Protein chains: 2
Amino acid sequence: MPRDHEDPGLDSVDRHILAELQADGRMTNVELARRVNLSAPPCLRRVRRLEEAGVIRGYHADIDPVALGWEITFFALVGLESQKQAVLDAFESLATSWSEVRECHMIRGGGDFLLRLVARDTAHENELTSRLTGAPSVMRVQTLQTIRTAKDVAGVPIG
Amino acid sequence: MPRDHEDPGLDSVDRHILAELQADGRMTNVELARRVNLSAPPCLRRVRRLEEAGVIRGYHADIDPVALGWEITFFALVGLESQKQAVLDAFESLATSWSEVRECHMIRGGGDFLLRLVARDTAHENELTSRLTGAPSVMRVQTLQTIRTAKDVAGVPIG
DNA sequence: TGGCCGGGCGCAATATCATTGCACGTTCCT
DNA sequence: AGGAACGTGCAATGATATTGCGCCCGGCCA
C-alpha cells in the first residue's frame, strides 16, 4: 500500500498546534502548550516532529511590502510560443532569477506561467512588463494589477 | 502633514533584521542579534519597534498543504457581468467567506478577481469551480491550475 | 487473565533566552 | 563648549527551552 506523501498521522492535537503556529509563528512554546492543553515538553516534541516531517516547512515574518518601498504587487500571465521542455525550463530559469518575481507557477494547459511580482512604482512595473514581453519565446503577457486585496490568508485551512 | 504609510526610517540594520526574520521567523533574539552585529537588548527593541510600526505584520508557520490533505492549489480568474460597487462587494463577501479561498484580489480593469484556492482533490476542485461559476453575477471563470511551482518566496526583496 | 512492551505524558532540573533598568558614548543643534 | 536626544552595551532578573527520567495507559501475546 503506497503512500505518496508520507502520512505522519496527524491527530487533533497536531492540527491544533499547526493552526496556532500558522496564526502566530512566534508564540512561545509555553503559550502554545497551554492552548493545546499539553505541558511544554510534549508540546515541543510534537512541534519538532512536525518540523522534521516537513509538515512545518519554516517560519516567516510577514512584512509590509509598502514599508520597504514595494508600492505595487501584480500578477502576470505569460504565454510562451512553445511547450518544449527546453523553452519552459529557460523561461523558468529567467523568471526565478529576478528578485521581483516572488512566485512562478507553471499552469496546466502548457506554455503558460502565472507570476507574482512586486515593483517600486509604475515605471518599475512597466520596465518589468517590458522585460517579460521581450524575453525569449514569450508570446504574450497579460498583467493583472491588484487594486485591492480582500483576503490574503497565510497557509491553508486547518480543521 | 499627513503621511499615508508612516515612514519609520529604516536603516540598514533594520533591513538586515527584516531579511533574517523573513527567512526564519522563529530565530531567537540572541541569534538574530549576533547576525546583525548588535547585542540582544537593542536588537529586541528594534524588532518591537518594527512590529509596532506595522512593518512586521506578524509571523506564520509555513505548512505543507499536501500534508493536511490539500492536494491541489489553483488560481481562478473570475469575470463579473457588472462593475457596480454593489456587485463587486457581493462577490467579495462571498469569495472571502469560503475557507478554500486563500487570496482574493480585485484586478485593475474592473469586474475581475484573481483568487487562489486549495482543494482536497479534483472532485473538490470541480465543485469549487462550479460554485464560482454559479455565483451571482459571475460571467466567466478561468481556472489556472498549478502543475509546478518553480518559485514561491515569502515576502519581498530586502536590500 | 496477567505480564510485557512501546508510546506518550508530566515533573523536575538546568541551560538559554527575553526583558528591564541604568550608565556611557555619539551626534547634532544651539 | 554645553546639552538634549538617541541608541548602544552591561548586568540583573524573570521566563522559556530543553533534557532526563519515571509513570500511566493501551495493545499484544502467552
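Per chain, numbering begins at 1; letters A, B, ... match sequence-line order. Just so it is clear, the model here is predicted, and its values are computed rather than measured.
We find that B:R131 and B:E127 are joined by a salt bridge, their nearest charged nitrogen and carboxylate oxygen being less than 4.0 Å apart.
The salt bridge (charged side-chain N to carboxylate O under 4.0 Å, His left out) search around A:E103 returns A:R116, not counting sequence neighbours. Residues passing the side-chain hydrogen bond (donor to acceptor under 3.5 Å, both in side chains) test with B:T149, sequence neighbours excluded: A:H105. Take B:R108 and apply the side-chain hydrogen bond (donor to acceptor under 3.5 Å, both in side chains) test, not counting sequence neighbours, and it matches no residue.
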Interface polar pairs with nucleotides 6-9 of chain D, N/O, under 3.5 angstrom:
{"from": "D:dT8", "atom 1": "OP1", "to": "B:R46", "atom 2": "NE", "distance (Å)": "2.9"}
{"from": "D:dT8", "atom 1": "OP1", "to": "B:R46", "atom 2": "NH2", "distance (Å)": "2.7"}
{"from": "D:dG9", "atom 1": "OP2", "to": "B:S39", "atom 2": "N", "distance (Å)": "3.0"}
{"from": "D:dG9", "atom 1": "OP2", "to": "B:S39", "atom 2": "OG", "distance (Å)": "2.9"}
{"from": "D:dG9", "atom 1": "O6", "to": "B:R45", "atom 2": "NH2", "distance (Å)": "3.4"}

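Near-neighbour residues of DNA chain D inside residues 20-29 of chain A, defined by a heavy atom below 4.0 Å, number-ordered: A:T28, A:N29.
Between B:E51 atom CD and C:dA18 atom C1' the separation is 13 Å, expressed in whole Å. One atom, CG of A:L44, and another, C1' of C:dC11, lie 16 Å apart when rounded to the nearest Å.
No donor-acceptor pair under 3.5 Å is formed between the side chain of A:D62 and the backbone N or O of B:R57. For A:R35 (side chain) and A:I17 (main-chain N/O), no donor-acceptor pair under 3.5 Å exists by modelled atom type.
Taken to the nearest 0.5 Å, the NE2 atom of B:H16 stands 10.0 Å off from the SG atom of B:C43.
Legend: side-chain hydrogen bond (donor to acceptor under 3.5 Å, both in side chains) pairs involving residues 73-86 of chain B, not counting sequence neighbours, sorted by first then second residue: B:Q85-B:D89.
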